[in-house]
Amino acid sequence: AGSMKPLTLQAGDPDVASDIEAAIRHHAAGETVKAEAACESALKKAPRNVVALMMLAELAGERRDTESAIALARRAVKADPDNALCHFTLGRILHAAERPSDAERSYRKAVGHHPDFAMAHCNLAIVQLDLGETEDAWASGLHAVELDWSIADAHMTVGRALLQAVAALR
């Protein structure tokens with residue numbers, strides 16, 4: 001089997017990295033306008049930088065600009081199509097935008113690129129449950145629990161899938 005791409009993101013050259021670090025600092029301080037400006041500065045230097053794109057997508061999502069968030073996350077996926085974190089971020093944004101079928105596809109791509117990505121399996125299970133795919137949700141949720149016992153949402157999703165399966169038998 002081939003090697004998996006690690007679940008990390010690299011800011012790139014030092015000049016871009018300093019912009020990303022500034023964006024992270026500003027975001028942590030609640031200074032979202034400054035965080036966005038730092039990301040935009042990074043993108044002027046490196047237009048396909050997935051860290052800056054995903055941070056901007058997250059920031060757009062936080063201010064409820066769903067379409068911008070989706071477009072930015074899609075740009076990140078296009079810039080690094082084998083990166084599970086890019087697909088995961090797009091999935092989270094699509095799920096928040098109440099587009100569960102699209103979110104499911106993104107989470108499936110994330111786990112396809114990184115089969116041990118427990119949180120992606122958990123979120124996949126949640127979306128599958130939303131879509132009424134109880135057996136798939138059960139399997140994805142159990143896989144997430146097997147990978148990382150500490151993810152409470154995975155346990156809750158397995159429980160919800162079990163309850164739905166029992167209710168369907170009545």
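Start at 1 with the first residue, then count along the sequence. Heavy atoms only: backbone and side chains are in, while hydrogens, waters and symmetry mates are out. This is a predicted model, so every value here is computed, not measured.
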- L94, V77: one ILVMFWY side-chain cluster at the under-4.5 Å cut-off? yes

- Output yes when a side-chain donor or acceptor of S41 lies under 3.5 Å from a complementary backbone atom of A37, and no otherwise. no

- Interatomic distance, K109 atom NZ to N83 atom CG [nearest 0.5 angstrom]: 13.5 Å

- Applying ring pair (Phe, Tyr, Trp, His ring centres under 6.0 Å), which residue pairs with at least one partner in residues 54-92 are found, sequence neighbours left out? H87-H113, F88-Y107, F88-F117

Could you tabulate the donor-acceptor pairs under 3.5 Å formed by side-chain atoms of residues 67-74, not counting sequence neighbours?
| unit_1 | atom_1 | unit_2 | atom_2 | d |
| --- | --- | --- | --- | --- |
| S68 | OG | D65 | OD1 | 3.2 |
| S68 | OG | D65 | OD2 | 2.8 |

- Contacts of H95 meeting ring-ring contact (aromatic ring centres under 6.0 Å, His included) (sequence neighbours excluded), chain-then-number -> none

- Item | Flag if over 12 foreign heavy atoms under 6.0 Å of CD, E135 | no

- Between H121 and E146, does a side chain to side chain donor-acceptor pair (under 3.5 Å) hold up when you go through it step by step? CA-CA 10 Å; H121 284 283; E146 290 168 0; over 6 Å; no

- Roughly how far, to the nearest 0.5 Å, is the OG1 atom of T157 from the CG atom of L124? 10.5 Å

- Task: Identify the heavy atoms of A125 and S140 that sit nearest to each other, and give their distance.
- Result: CB-CB, 3.7 Å

- According to a 4.5 Å side-chain heavy-atom criterion applied to Ile, Leu, Val, Met, Phe, Trp and Tyr, with indirect links allowed, do L129 and V158 form part of one hydrophobic cluster? no

- Task: Check whether L162 and L142 end up in the same hydrophobic cluster, where Ile, Leu, Val, Met, Phe, Trp and Tyr are linked by side-chain heavy atoms less than 4.5 Å apart.
- Result: yes

- Message: Could you check whether atom NZ of K45 has more than 12 heavy atoms from other residues, nucleotides or ligands sitting under 6.0 Å from it?
- Response: yes

- How many angstroms lie between atom OG1 of T134 and atom CG of D136, to the nearest 0.5 angstrom? 9.0 Å

- Query: In Å, rounded to the nearest 0.5 Å, how long is the span from CG of L59 to CG of L56?
  - Reply: 6.0 Å

- Do you know the tightest heavy-atom contact between A144 and A154? CB-CB, 3.8 Å

- Query: How many angstroms lie between CE in M54 and CG in N49, if you round to the nearest 0.5 Å?
  - Reply: 10.0 Å

- Item | Sole candidate of L53, V50, V51 that passes side-chain contact (heavy atoms from CB on, under 4.5 Å) when paired with D80 | V50

- Task: Run the numbers on V33 and H26 for side chain to side chain contact (heavy atoms under 4.5 Å, CB included), then give the verdict.
- Result: CA-CA 8 Å; V33 173; H26 290 308; over 6 Å; no

- Determine the minimum heavy-atom distance between A42 and I20, stating which atoms define it. CB-CD1, 4.0 Å

- Please determine if E104 and R108 form a salt bridge, counting it only when a charged side-chain N lies under 4.0 Å from a carboxylate O. yes

- Message: Quick check: is L147 connected to W138 through a chain of hydrophobic side chains (ILVMFWY, heavy atoms under 4.5 Å apart)?
- Response: no

- Check whether the side chains of E62 and H27 place a donor and an acceptor atom closer than 3.5 Å, and report yes or no. yes

- If two hydrophobic side chains count as joined below 4.5 Å and joins carry through other members, does L85 share a cluster with V127? yes

- Item | Gap between atom CE of M156 and atom SG of C122 - 0.5 Å precision | 8.5 Å

